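Structure record follows, encoded as structure tokens.
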Amino acid sequence: MNQQPTGNSTEPSDADSLASILGGRRAAVEATLPTLAFLIGWGLSGGNVGIGAIAAVVLGVAIAIWALYRGRKPRAVLLGLLGVAIASIIALRTGRAADFFLLQILSNIASALAWSVSIVIRRPLLGLIVGSLLRQGPQWRKDPALSRAYRRASWVWVGQYMVRIVVFGTLWLANLPVALGIARAVLTWPLVAACVAGSWWVLRRSLPAGHPGIRHPVVPGETKTPTNPPADGERPPASTAEQPHAPTVSGTEER
């Protein structure tokens with residue numbers, strides 16, 4: 001008999017997997033520190049954007065070196081450093097401290113659009129990311145229930161980006177760099193943690209009872225391996241219809 005796993009047996013590991021894949025406190029803190037360095041340098045220098053930009057880039061380089069030393073993926077580390085450099089260049093070109101956060105606003109707008117489009121075309125980014133990191137390939141898309149659950153849960157991530165766009169955009173228009181720095185800290189790890197929890201709740205509620213969870217997509221019509229397959233070289237037993245016609249000879253060797 002095939003026994004379906006209960007929700008209690010799969011939920012903790014699946015929730016932990018989703019949290020580890022989509023959110024990390026350490027990465028969020030590392031992304032916030034250059035912003036803090038920019039504001040400190042800008043404030044202590046009497047509003048000199050150049051000093052703030054230098055402080056942000058120097059700390060960004062230090063964090064990148066430490067992350068590489070700790071074995072982090074070079075691509076992710078270099079992209080983070082590139083973001084700090086571009087934000088600093090924008091602030092230097094405009095002379096406004098608030099423009100250091102302009103790249104953050106634009107990236108959230110792009111992310112909200114990308115996640116929304118992925119849901120509409122039935123290729124939700126949440127499923128693509130989680131499925132890829134769990135090495136499932138396209139299997140999750142062949143599971144109608146899991147694909148639908150990923151689409152619903154992806155809207156939670158769209159909401160996260162929309163919150164940032166509204167808050168950051170309002171403070172940027174008001175030219176409030178300190179308030180932007182505070183909002184950046186509050187809306188980084190705390191918001192990501194809330195988003196992970198919310199999207200996991202939507203995933204769990206959207207899957208039907210008895211579904212084995214995000215680690216085990218259920219593909220309709222997929223053939224299952226027999227419980228006790230015949231050993232190598234062994235012929236399967238004859239069907240009931242064939243058995244009356246099979247000769248019964250004792251001591252006959254199997255071919």
Side-chain angles (χ1 to χ4, degrees), residues 18-19 21-43 47 49 52-53 56 60 76 79-80 82-130 149-203 205-206:
L18 188 61
I21 290 170
L22 298 175
R25 182 176 301 180
R26 181 178 61 182
V29 171
E30 291 176 357
T32 305
L33 287 177
T35 300
L36 181 60
F38 173 84
L39 291 174
I40 292 175
W42 172 76
V49 174
L79 284 176
L82 180 62
V84 174
I86 293 175
S88 300
I89 292 172
I90 293 174
L92 285 171
R93 292 293 300 269
T94 63
R96 294 176 74 246
D99 287 345
F100 183 84
F101 301 88
L102 186 57
L103 180 63
Q104 183 75 15
I105 298 172
L106 295 176
S107 65
N108 278 276
I109 293 174
S111 297
L113 289 174
W115 281 72
S116 299
V117 171
S118 74
I119 298 170
V120 172
I121 65 175
R122 295 179 176 270
R123 296 292 187 273
L125 282 176
L126 184 61
L128 291 174
I129 296 171
V130 176
Y150 275 133
R151 291 198 300 273
R152 293 176 179 176
S154 291
W155 285 116
V156 178
W157 290 83
V158 175
Q160 173 202 211
Y161 295 120
M162 292 304 300
V163 168
R164 290 203 188 107
I165 292 169
V166 172
V167 174
F168 291 163
T170 301
L171 296 176
W172 177 76
L173 290 173
N175 196 20
L176 299 173
V178 175
L180 276 165
I182 296 173
R184 170 72 186 274
V186 173
L187 298 181
T188 303
W189 168 248
L191 183 59
V192 170
C195 190
V196 169
S199 58
W200 167 242
W201 182 85
V202 173
L203 267 174
R205 297 281 294 182
S206 299

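All of these numbers come straight from a predicted model, not from anything done at the bench.
The two atoms that bring A91 and V49 nearest to each other are O-CG1, 3.5 Å, heavy atoms only. The nearest pair of heavy atoms linking P124 to R151 is CG-CG, 3.7 Å. For S116 against V158, the heavy-atom pair with the smallest separation is OG-CG1, 3.5 Å. Taking each heavy atom of N175 and A98 in turn, the nearest pair found is OD1-CB, 3.3 Å.
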Which pairs of donor and acceptor atoms, one on a side chain in residues 190-198, lie under 3.5 Å apart (sequence neighbours left out)?
none

Enumerate donor-acceptor pairs with a distance under 3.5 Å from any side-chain N or O in residues 106-113 to protein atoms, sequence neighbours excluded.
from, atom 1, to, atom 2, distance (Å)
S107, OG, L103, O, 3.2
S107, OG, Q104, O, 2.8
N108, OD1, R164, NH1, 3.3
N108, ND2, Q104, O, 2.7
S111, OG, S107, O, 2.9

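A heavy-atom distance below 4.5 Å is found between the side chains of W115 and L126. When side chains are defined from C-beta on, D99 counts as touching W172, because their heavy atoms get closer than 4.5 Å. Counting only heavy atoms from C-beta outward, the side chains of P177 and L39 approach each other to under 4.5 Å. Contact check for S199 versus W155: no side-chain heavy atoms found under the 4.5 Å cut-off. Counting heavy atoms from C-beta on, the side chains of I165 and M162 come closer than 4.5 Å. At a threshold of 4.5 Å between non-hydrogen side-chain atoms, the residues L125 and Y150 do not count as touching.
In this structure, the separation between CZ on R96 and CD1 on I90 is 12.0 Å, given to the nearest 0.5 Å. Rounding to the nearest 0.5 Å gives a distance of 6.5 Å between CG of L180 and CD1 of I105. Atom CG of L92 and atom CZ of F100 lie 10.0 Å apart (nearest 0.5 Å).
Between F101 and F38, the ring planes lie perpendicular to each other; the angle is over 60°, past the 30° to 60° tilted range.
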**Request:** Decide yes or no on side chain to side chain donor-acceptor pair (under 3.5 Å) for R123 and S118, but give the supporting numbers first.
**Result:** CA-CA 5 Å; R123 296 292 187 273; S118 74; over 6 Å; no
